[in-house]
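Worksheet: one structure, shown below.
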Amino acid sequence: MITKLALAQDWLPRYTGMPLEEFGDFILLTNFRTYVDKFAEKFDCRIYGADRPMQAASNKDGLTIINFGIGSPNAATVMDLLTAKHPKAALFLGKCGGVHHSTEIGHFILP
């Protein structure tokens, strides 16, 4: 029987085109390809997955950015797949039109 970990270790590279060993311990998640492009330009690193559902790039300091695309299902998928690496931290960069004015830093938001 295939474990969830083995599945994630297979699918994360399949979705992003990036080998597991290239992923850093700190993950930036976005749904804008432009952020991945700017990251790669700033840190002079390779973008993986131009032909895949998700694009990713990692710098030499262990920071990885992943464009997971648009939608809650994709957000959930990338979070599940990150179990393959057990990152120390993940941060979403983007926008959320449904956030209330009462939302504060540190609140958990489930789309």
Side-chain angles (χ1 to χ4, degrees):
M1 177 190 256
I2 297 175
T3 66
K4 181 178 177 179
L5 177 60
L7 188 66
Q9 289 172 335
D10 180 52
W11 284 18
L12 185 58
R14 184 185 303 181
Y15 272 62
T16 63
M18 187 158 73
L20 276 179
E21 59 273 6
E22 292 287 324
F23 284 87
D25 288 328
F26 302 94
I27 310 292
L28 298 173
L29 298 170
T30 183
N31 56 356
F32 295 103
R33 169 66 192 260
T34 302
Y35 289 172
V36 177
D37 294 339
K38 291 189 180 294
F39 179 96
E41 183 179 313
K42 178 172 181 63
F43 294 109
D44 190 31
C45 55
R46 176 181 174 188
I47 297 174
Y48 291 88
D51 61 339
R52 308 288 175 104
M54 300 178 186
Q55 298 78 49
S58 290
N59 72 8
K60 61 180 169 56
D61 297 316
L63 180 62
T64 297
I65 189 167
I66 303 170
N67 172 27
F68 63 86
I70 295 176
S72 297
N74 284 357
T77 298
V78 75
M79 290 306 293
D80 278 345
L81 296 180
L82 284 176
T83 62
K85 282 305 289 184
H86 295 283
K88 292 180 180 176
L91 177 67
F92 174 74
L93 301 175
K95 62 182 181 179
C96 184
V99 174
H100 295 281
H101 293 291
S102 63
T103 303
E104 297 177 7
I105 292 174
H107 284 178
F108 178 74
I109 302 170
L110 182 63

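In this chain, numbering begins with 1 at the start of the sequence shown.
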For H107, all residues meeting side chain to side chain contact (heavy atoms under 4.5 Å, CB included), sequence neighbours excluded: T103, E104
From I66 atom CD1 to L81 atom CG, the distance as rounded to the nearest 0.5 Å: 8.5 Å
If Ile, Leu, Val, Met, Phe, Trp and Tyr residues are connected whenever their side-chain heavy atoms lie under 4.5 Å apart, and connections chain through other members, are F68 and I70 in the same group? no
Drop me the distance from N74's CG to L29's CG, to the nearest 0.5 angstrom. 11.5 Å
Can you list the residues that meet the side chain to side chain contact (heavy atoms under 4.5 Å, CB included) rule with A6, with sequence neighbours excluded? I2, T3
Distance-only check: which donor-acceptor pairs under 3.5 Å involve side-chain atoms of residues 36-49, not counting sequence neighbours?
{"from": "D37", "atom 1": "OD1", "to": "R33", "atom 2": "NE", "distance (Å)": "2.9"}
{"from": "D37", "atom 1": "OD1", "to": "R33", "atom 2": "NH2", "distance (Å)": "3.4"}

Could you check if a side-chain atom of I65 sits within less than 4.5 angstrom of a side-chain atom of Y35, using non-hydrogen atoms only? yes
How many angstroms lie between CD1 in I27 and CG in L82, if you round to the nearest 0.5 Å? 5.5 Å
Treat each ILVMFWY residue as a node, draw an edge where side-chain heavy atoms are under 4.5 Å apart, and state whether L7 and L5 are in one component. no
Under 3.5 Å, which donor-acceptor pairs link side chains of residues 13-23 to any protein atom two or more places apart or in another chain?
{"from": "R14", "atom 1": "NH2", "to": "D10", "atom 2": "OD2", "distance (Å)": "2.7"}
{"from": "T16", "atom 1": "OG1", "to": "L12", "atom 2": "O", "distance (Å)": "2.8"}
{"from": "T16", "atom 1": "OG1", "to": "M18", "atom 2": "N", "distance (Å)": "3.2"}

Which distance, rounded to the nearest 0.5 Å, do you find between the CG of N31 and the CZ of F92? 4.5 Å
Salt bridge (Lys or Arg N to Asp or Glu O under 4.0 Å): pairs with one or both residues in residues 60-84, sequence neighbours excluded: K4-D80
